[in-house]
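Computed from heavy atoms alone, side chains included, the values below leave out hydrogens, waters and symmetry copies. The model shown is predicted, which means the values in this text are computed figures rather than measured ones.
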Amino acid sequence: MLPTGARDTQFRESNNQKVHPQPMEEAMNQNPEAVEALISKVFTNISSLKSAYIQLQAAHTPYDPEKIQAADKLVISELKNLSELKHFYRENNPSPVCVSPQDSRLAAEIQEQQILLKTYGVMVKKFQSEIQNKDSEILQLQQHIEEAKEKQAKLEKNLKLRGMSTKESEGSADENGFPPVDLTSDLFTSVVEAAYKAIHDFSKPLINMMKAAGWDLDAAANSIEPSVVYAKRPHKKYANLDNLTVTKESFFHQFLTLRDMDPLDMLGQNPDSVFGRFCRSKYLVVVHPKMETSFFGNLDQRNYVMGGGHPRTPFYQAFLKLAKSIWLLHRLAHSFDPRVEVFQVKRGSEFSEVYMDSVVKNLIMDESDQKPKVGLMVMPGFWIGGSVIQSRVYLSGMKVDE
């Protein structure tokens with residue numbers, strides 16, 4: 001029996017020593033502890049290999065490239081260790097002339113482990129192939145993402161340039177004399193805000209004239225939108241706003257033409273234009289004959305409008321500001337591709353902070369925890385490029401925090 005130091009020296013210097021063949025039985029009898037240590041190392045190495053293989057399997061569910069790579073290196077390391085043990089054993093224990101039954105069992109077990117190692121090798125190659133396939137899929141997905149970003153950038157650029165002259169140069173006007181304008185959602189939002197302000201501004205002189213003429217505002221509001229409970233009496237002005245609409249005929253240059261012009265000057269140049277006919281028809285709808293008679297004592301202004309004219313009275317000019325804002329909003333909405341979609345809110349609908357905006361702020365919520373109900377829609381909402389511009393609504397039955 002060799003001392004422990006001698007056994008370690010034998011393992012370290014095995015590759016440099018020249019071993020003389022001798023029978024297996026004699027070798028085992030001369031150094032049984034060394035053989036036992038070798039077999040123990042073999043079993044330990046196989047257990048480590050199994051553990052590494054299990055880690056490699058676990059790294060695939062869920063798929064983790066870093067863990068797979070670490071487990072793969074561990075499997076390869078254990079296979080190298082086992083290969084070194086095999087070479088060491090063969091060099092120090094040549095094939096015996098006579099093999100005992102115990103040696104046969106040991107040889108059979110070693111052969112079985114070698115078969116398992118081959119199986120593990122096949123599985124490792126399979127996993128490596130799967131890793132390569134996953135890496136290829138990741139690269140393809142990254143390419144798709146980059147292509148999608150490029151397409152998005154092109155679409156956004158086309159959207160901004162849509163309706164503009166191809167001859168326009170930077171910092172100069174186009175062939176029609178219009179300054180460069182980007183067709184964007186921000187532009188549309190600003191036009192929506194301007195239209196809402198124009199509606200609000202026109203309602204003030206209209207209500208003042210109704211008061212001066214002795215109109216019953218409560219009766220007028222109820223005749224337009226009955227069963228609405230108003231938080232304050234002045235809120236009845238929201239019921240006096242007509243849901244103005246125009247035809248689908250729309251062009252971006254019409255928007256640019258009228259945007260910076262005085263509407264009365266525009267109508268003076270061409271009183272029977274599309275915009276002129278729009279103003280004429282909407283005035284006759286918004287201002288009722290009885291209302292106009294009570295305001296002015298006659299229907300002269302109405303008859304003048306019906307005859308194709310556009311009077312320069314302060315009241316009609318106030319109406320033209322409202323008509324212009326609505327006209328610009330519709331011209332611009334039809335300039336987008338796809339065009340802007342309008343959505344309306346029905347009376348009695350539950351209030352939604354996503355799709356609606358209350359025109360009255362500082363509302364006091366009911367302690368019943370029931371969602372507020374829409375009393376009337378002041379202005380519709382819009383869908384533009386996947387974004388929502390909220391509709392303006394008046395909530396019925398709500399109290400206002402003074």
Side-chain angles (χ1 to χ4, degrees), residues 148-168 173-200 202 241-261 263 266 270 273-282 285-286 320-346 349 352-357 359 374 376-393:
K149 289 181 178 179
E150 292 178 0
K151 290 181 180 179
Q152 180 182 2
K154 290 180 180 179
L155 290 174
E156 290 177 352
K157 184 177 180 180
N158 291 336
L159 183 64
K160 290 181 179 181
L161 296 177
R162 187 181 182 277
M164 303 301 294
S165 171
T166 56
K167 297 182 180 180
E168 87 176 325
D174 65 9
E175 61 182 3
N176 294 319
F178 300 129
V181 176
D182 289 337
L183 190 60
T184 64
S185 58
D186 290 339
L187 174 63
F188 186 80
T189 301
S190 66
V191 175
V192 171
E193 293 296 330
Y196 175 72
K197 184 178 183 302
I199 294 173
H200 187 268
F202 179 71
L241 304 177
D242 184 59
N243 181 22
L244 302 180
T245 59
V246 297
T247 63
K248 295 181 180 180
E249 189 177 356
S250 173
F251 301 96
F252 191 51
H253 76 269
Q254 292 178 346
F255 168 81
L256 296 174
T257 300
L258 185 60
R259 187 181 63 158
D260 296 325
M261 287 192 64
M266 180 70 176
N270 189 359
S273 63
V274 178
F275 175 64
R277 293 195 299 271
F278 166 78
C279 294
R280 187 179 303 122
S281 63
K282 295 308 173 185
V285 171
V286 174
L320 287 182
K321 292 181 180 180
L322 168 62
K324 173 187 173 181
S325 67
I326 300 299
W327 172 265
L328 291 177
L329 180 61
H330 282 269
R331 298 303 96 177
L332 188 60
H334 288 272
S335 298
F336 285 84
D337 186 17
R339 71 183 183 184
V340 177
E341 297 292 336
V342 183
F343 67 88
Q344 300 186 2
V345 179
K346 295 182 179 179
S349 302
S352 169
E353 294 181 353
V354 177
Y355 300 102
M356 307 174 198
D357 181 31
V359 295
V374 175
L376 57 91
M377 182 185 69
V378 178
M379 190 168 182
F382 304 90
W383 293 98
I384 175 171
S387 302
V388 176
I389 297 179
Q390 296 171 312
S391 60
R392 307 293 176 93
V393 297

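Between His330 and His334, the ring planes lie parallel to each other; the angle is under 30°, not in the 30° to 60° tilted range. Between Phe336 and Phe188, the ring-plane angle classifies as perpendicular under the 30° and 60° cut-offs.
Considering CE of Met266 and CG of Asp260, their distance stands at 12.0 Å, rounded to 0.5 Å. One distance of note links OG of Ser190 with CG of Leu329; it measures 10.0 Å at 0.5 Å rounding. Ser273 contributes atom OG, which lies 9.0 Å from atom CD of Gln254 (distance to the nearest 0.5 angstrom). We find the SG-CD1 distance between Cys279 and Ile326 to be 11.0 Å, quoted to the nearest 0.5 Å.
In this structure, Ala194 has no side-chain contact (heavy atoms from CB on, under 4.5 Å) partners at least two apart in sequence or on a different chain. Taking the side-chain contact (heavy atoms from CB on, under 4.5 Å) definition, one finds that Lys149 meets it with Ile145, Glu146, sequence neighbours left out. Lys197 meets the side-chain hydrogen bond (donor to acceptor under 3.5 Å, both in side chains) test with Asp201; sequence neighbours excluded. Residues satisfying the side-chain contact (heavy atoms from CB on, under 4.5 Å) test with Glu193, not counting sequence neighbours, are Arg392. Every side-chain contact (heavy atoms from CB on, under 4.5 Å) that Thr189 has, sequence neighbours left out, goes to Ile389.
The heavy-atom pair separating Ser349 from Met356 by the smallest distance is CB-CE, 4.5 Å. In plain terms, the two heavy atoms of Val354 and Gln390 that are nearest each other are O-CG, 3.4 Å.
Looking only at side-chain heavy atoms (C-beta outward), Phe275 and Thr257 stay at 4.5 Å or farther from each other.
Leu332 pairs in a side chain to side chain contact (heavy atoms under 4.5 Å, CB included) with only one of the listed residues (Leu187, Leu256, Val192, Val340), which is Leu187.
In this structure a side-chain-to-backbone donor-acceptor pair under 3.5 Å is missing from Lys324 to Ala198.
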